[in-house]
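Here is the structure we will look at.
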Amino acid sequence: MPKGVPSATVSRLVTYLRVLTDLERAGVSRTSSDILATEAQVTAFQVRKDLAYFGSFGTRGSGYSVHGLRQELRRILGLTRPWRVAIVGMGRLGQALADFPQLGEFDFELVAAFDVDEQKVGKVLGGVEVRHTDELARAAADLDIDIAFLTVPTPAAQAATDKVVAAGIVGILNFVPTVVSTPPEVWVETVDFLAALKRLAYYIKGRAPVIDESGVKVGST
Ligand code: NAD
């Protein structure tokens, strides 16, 4: 992995990959940084700069092979191998994620689920048997778990993270709206639904109508 690649670049590579996948599905064989830029809502300069961190891919004048660039991006992003996933916290969100059908489509395979609730341990929820978190270390070794989804209540987040780390799992997708401490070799990506909602409120606050008690629009926020 080249050093100094900004995280915003990595996020955009994921977007370019989605665009290329859509183009390939539509039967398009060649594309350009202009097309990728329009679809990803950035400039063509930005596309070329992002790709330049990893080498030189296109041909001046004739753009990129959709299939070739898609394969390169899959390789750069680490998506050419399957990843084995466990869910820690099989409550409402954990079960919903276990049920998410597209996980397997992208080579993320759900192989285990953990909880501390004795009512859930031993049951099959979202198609996967729930184990006690005390079994995390053994199961992680037996099942080669690479990634843990953290879906526990906030007060349990650090303790659950510590168990995930002790089990040797190096990737955590954290859905809990809090910061968890991990050693440097563990990468945590946070999916903060509430933060996104607050950002949304900021951007629409001047647009949403204010309705009075009788249902009449009286202005905007
Ligand atoms: P929930 O209460 O339905 O489920 C939490 C589960 O975690 C329970 O099954 C509980 O037994 C288990 N648990 C508790 N301590 C644990 C531990 N130490 N190790 C393993 N499992 C443990 O909660 P939820 O609604 O699924 O939310 C889970 C987390 O996701 C919360 O932090 C919440 O803020 C966040 N979140 C939820 C939603 C949502 O729509 N439900 C959306 C965004 C974020």
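Computed over heavy atoms, backbone and side chain alike; hydrogens, waters and symmetry mates excluded.
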Counterpart residues, side-chain contact (heavy atoms from CB on, under 4.5 Å), relative to A8 (two or more places apart)
R12
Heavy atoms of other groups near R81 CZ, more than 12 under 6.0 Å
yes
Using a 3.5 Å distance criterion without hydrogens, assess whether the side chain of S56 forms a donor-acceptor pair with backbone atoms of A52.
no
How would you list, by chain and number, every residue that makes a side-chain hydrogen bond (donor to acceptor under 3.5 Å, both in side chains) with R30, sequence neighbours excluded?
none
Taken in chain and number order and not counting sequence neighbours, the residues that satisfy side-chain hydrogen bond (donor to acceptor under 3.5 Å, both in side chains) with E189 are W187
Could you tell me which residues satisfy side-chain contact (heavy atoms from CB on, under 4.5 Å) with V191, sequence neighbours excluded, listed by chain and number?
L173, F175
Please find the pair of heavy atoms, one from V85 and one from I145, that lie closest to each other, and give the distance.
C-CG2, 4.4 Å
Show the numbers, then the answer: is there a side chain to side chain contact (heavy atoms under 4.5 Å, CB included) between V188 and V180?
CA-CA 8 Å; V188 182; V180 289; 4.2 Å; yes
Verdict with reasoning, L79 to L17, per side chain to side chain contact (heavy atoms under 4.5 Å, CB included):
CA-CA 10 Å; L79 296 173; L17 177 60; 3.6 Å; yes
Pairs flagged by salt bridge (Lys or Arg N to Asp or Glu O under 4.0 Å) wherever residues 154-169 is involved - sequence neighbours left out
D134-K163
Following the transitive rule for hydrophobic clusters with a side-chain heavy-atom cut-off under 4.5 Å over Ile, Leu, Val, Met, Phe, Trp and Tyr, establish whether F149 and V186 coincide in one cluster.
no
Do you reckon V66 sits in the same ILVMFWY cluster as L51, going by side-chain contacts under 4.5 Å, direct or chained?
yes
Student check: side-chain heavy atoms of V116 and V121 closer than 4.5 Å:
no
Quick one: are L23 and R18 in side-chain contact, heavy atoms under 4.5 Å?
no
Which pairs of donor and acceptor atoms, one on a side chain in residues 34-47, lie under 3.5 Å apart (sequence neighbours left out)?
{"from": "T38", "atom 1": "OG1", "to": "D34", "atom 2": "O", "distance (Å)": "2.9"}
{"from": "T43", "atom 1": "OG1", "to": "Q46", "atom 2": "N", "distance (Å)": "3.0"}
{"from": "Q46", "atom 1": "NE2", "to": "D50", "atom 2": "OD1", "distance (Å)": "3.1"}

Nearest-0.5 Å distance that lies between atom CD1 in I172 and atom OG1 in T190:
9.5 Å
Same hydrophobic cluster for V164 and V179, using side-chain heavy-atom links shorter than 4.5 Å among ILVMFWY?
no
Qualifying residues under side-chain hydrogen bond (donor to acceptor under 3.5 Å, both in side chains), relative to T161, sequence neighbours excluded
none
Starting from the C-alpha separation in whole Å, work towards a yes-or-no answer on side chain to side chain contact (heavy atoms under 4.5 Å, CB included) for H67 and S29.
CA-CA 7 Å; H67 178 74; S29 60; over 6 Å; no
I need the full list of salt bridge (Lys or Arg N to Asp or Glu O under 4.0 Å) pairs touching residues 88-100, with sequence neighbours left out, sorted by first then second residue.
none
Can you name the side-chain hydrogen bond (donor to acceptor under 3.5 Å, both in side chains) partners of R70, sequence neighbours left out?
T21, E24
In the structure I gave you, are the side-chain heavy atoms of Y53 and P6 within less than 4.5 Å of one another anywhere?
yes
Is it true that the side chains of R48 and S33 contain a donor and an acceptor less than 3.5 Å apart?
yes
Correct closest heavy-atom pair for T178 and A157 would be CG2-CB, 3.7 Å
Between A167 and A140, what is the shortest heavy-atom contact and its length?
O-CB, 3.6 Å
Nonpolar side-chain network containing Y202, other nodes, edges under 4.5 Å
Y203
From E72 atom CD to L20 atom CG, the distance as rounded to the nearest 0.5 Å:
11.5 Å
Working to the nearest 0.5 Å, report the span between CG of L197 and CZ of R199.
10.0 Å
Nearest 0.5 Å please: distance from the CG atom of L150 over to the CG atom of N174.
5.0 Å
Tell me which donor-acceptor pairs under 3.5 Å the side chains of residues 122-129 have, and how far apart each pair is, sequence neighbours excluded?
{"from": "K123", "atom 1": "NZ", "to": "Q119", "atom 2": "O", "distance (Å)": "2.8"}

Would you say that V88 contacts L136 through its side chain, given a criterion of any heavy-atom pair below 4.5 Å between the two side chains?
yes
Tell me, do V165 and V170 make a side-chain contact under 4.5 Å, heavy atoms counted?
no
Minimum side-chain heavy-atom gap L13-I76 below 4.5 Å:
yes
Are I87 and L143 connected in a single hydrophobic cluster, I mean Ile/Leu/Val/Met/Phe/Trp/Tyr linked by side-chain heavy atoms less than 4.5 Å apart?
no
For the atom pair CH2 (W83) and CG (D144), what is the distance rounded to the nearest 0.5 Å?
11.5 Å
Is there a side chain to side chain contact (heavy atoms under 4.5 Å, CB included) between T151 and V176 once you walk through the steps?
CA-CA 6 Å; T151 48; V176 187; 5.9 Å; no
What donor-acceptor contacts under 3.5 angstrom involve side-chain atoms of residues 106-115, with partners at least two apart or in another chain?
{"from": "E109", "atom 1": "OE1", "to": "R84", "atom 2": "NH1", "distance (Å)": "3.4"}
{"from": "D115", "atom 1": "OD1", "to": "D117", "atom 2": "N", "distance (Å)": "2.9"}
{"from": "D115", "atom 1": "OD2", "to": "M90", "atom 2": "N", "distance (Å)": "2.7"}

